[in-house]
Amino acid sequence: MSEPEGNFAARLLTWFDQHGRSGLPWQHPRSAYRVWLSEIMLQQTQVVAVIPYFERFVTRFPDIATLAAADSDEVMRHWAGLGYYARARNLHAAARQVMAQHEGHFPAGFEQIIALKGIGRSTAGAILAQAFGTPAAILDGNVKRVLTRWAGIEGHPAESLVNAQLWTLAERLLPDKRAADYVQAQMDLGATLCTARKPACARCPLSTDCVAHATGRSSQLPTKKARRERPHREAWLILAEDGEGRVLLEQRPGSGIWGGLWCPPVIALGEDHAQLLRSRFGVALLGEEGGEAIEHGFTHFDLSLHPLRGRASLLAQTLAETPPVAWHPPQALRDGRVAVPAPVARYFERVAAAADLLGGHHVASVRRRSRRRISKGNA
DNA sequence: AAATCGGGGTC
DNA sequence: GACCCAGATTT
């Protein structure tokens, strides 16, 4: 078929030349490593949220060898607050994979790229096209939206049949030139014109033969999935302080929420927290006092964390199974020296701000050092 | 096929 | 408050 799709790619690229985004940090310089890193960070994460993390990450880990050689705690520290922490663990593992299997050079073949941890079909295509100029299809949220609308594809994209249909179409529309630009053009169209809500069809280069636009179904496509209501969970957040005001942290297991991050013990509200603190950490909590709950929403449940502060009394006893434990001053949990979950960092900022309000001005210097506050503008 | 895995931007 | 985001991996 010569031009059965009505010059879809050509129109997209012409639009891109005038309206595409060209100032993104990973576009200059554009190396395989920087493209790879950006694609991982951008999974389910918006560009504006990624940019400050990307800048900090490449400053500290400028190349694959540096990343591979780094300590995992330091990698997690540079990811803390961005979410989906399995991405960071997979990225780190993949960097070591590249060192071991490809002599430190990011591979240029699809099969080798997709074999790396954390890289699926779409991310592999995006890297292949942007880093090596090899034409490859992608199918992220943007492209799913653009294609379901343009071709009028009904049914939820998660269904295997619909998904296969979308991949086939994406492959068929692929131009044989300007591979990197074409990837970026698809992203930019989806992010700026063919948006989830109120698409700007009047300015879209594809509207002339867009099925959804012609039939008035743009707001109906892609088909939304019925969402279940999110359950609500409650837990204690145990803030056990030693004699020097340092807080007890445990490293969370790799699987599950906040995997690999450091966090004060989180114990379900119904459980016997005193007994659990004793058995798992050899600690008793003295002079307990509560505080206002920390509300935090996840994709599939809401969480209320009830802070429970107290003085830690170490019980001299041998413990059977002690998770990795560390003690850190609250300041270290605010300024990014320890990889803690975003709501935990926020909690300690709130406590510090309250103390600042009551007392001295010494906290000002701490704030200046806090990149998280500045980059994300947390209140 | 469905569930899991974060946090924030945006309306 | 609901929806969504340059998805991959596990169940």
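Computed from a predicted model, the values in this text were never measured in an experiment. Numbered from 1 within each chain, the chains take letters A, B, ... in sequence-line order.
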Could you check which residues of residues 18-26 of chain A get a heavy atom under 4.0 Å from DNA chain C? Sort them by number, please.
A/R21, A/L24, A/W26
Return the set of residues passing side chain to side chain contact (heavy atoms under 4.5 Å, CB included) with A/H300 (not counting sequence neighbours), or none when no residue passes.
none
B/dT4 phosphate, OP1 or OP2, under 4.0 Å from A/R230 side-chain N/O:
no
Side-chain donor-acceptor distances from residues 103-112 of chain A under 3.5 Å, at least two apart:
unit_1, atom_1, unit_2, atom_2, d
A/H105, ND1, A/E103, O, 3.4

Check DNA chain B against residues 128-143 of chain A and give the residues with a non-hydrogen atom under 4.0 Å, in numerical order.
none
Which whole number of Å gives the distance between the C1' atom of C/dA8 and that of B/dG9?
22 Å
Just to verify, what does A/D73 make a salt bridge (charged side-chain N to carboxylate O under 4.0 Å, His left out) with, not counting sequence neighbours?
none
Under 6.0 Å between ring centres: does that hold for A/F298 and A/W258?
yes
Mind checking what makes side-chain hydrogen bond (donor to acceptor under 3.5 Å, both in side chains) contact with A/W150, not counting sequence neighbours?
A/D209
Just to be sure I understand the rule, does A/G190 reach a base, reach only the sugar-phosphate, or reach nothing, if contact means heavy atoms closer than 4.0 Å?
nothing
What parts of residues 292-305 of chain A reach DNA chain B, counting only heavy atoms under 4.0 Å away?
A/H296, A/F298, A/T299, A/H300
Given B/dG7, B/dG6, B/dG9, identify the nucleotide with an atom nearest to the side chain of A/R197.
B/dG9
Those residues at least two apart in sequence (or on a different chain) that pass side chain to side chain contact (heavy atoms under 4.5 Å, CB included) with A/D181 are A/L13, A/F16, A/R178
With sequence neighbours excluded, tell me which residues meet side chain to side chain contact (heavy atoms under 4.5 Å, CB included) with A/R230.
A/D302
Going 5' to 3' on DNA chain C, which nucleotide is the first and which the last to come under 4.0 Å of a heavy atom in chain A?
C/dC3 to C/dT9
Are A/Y85 and B/dG7 close enough that a side-chain N or O sits under 4.0 Å from OP1 or OP2?
yes
Just jot down the salt bridge (charged side-chain N to carboxylate O under 4.0 Å, His left out) partners of A/D242, sequence neighbours excluded, or say none.
A/R246
Interface residues of residues 160-169 of chain A with DNA chain B (non-hydrogen, below 4.0 angstrom)
A/S160
Base, sugar-phosphate or nothing for A/A126? Non-hydrogen atoms, less than 4.0 Å.
nothing
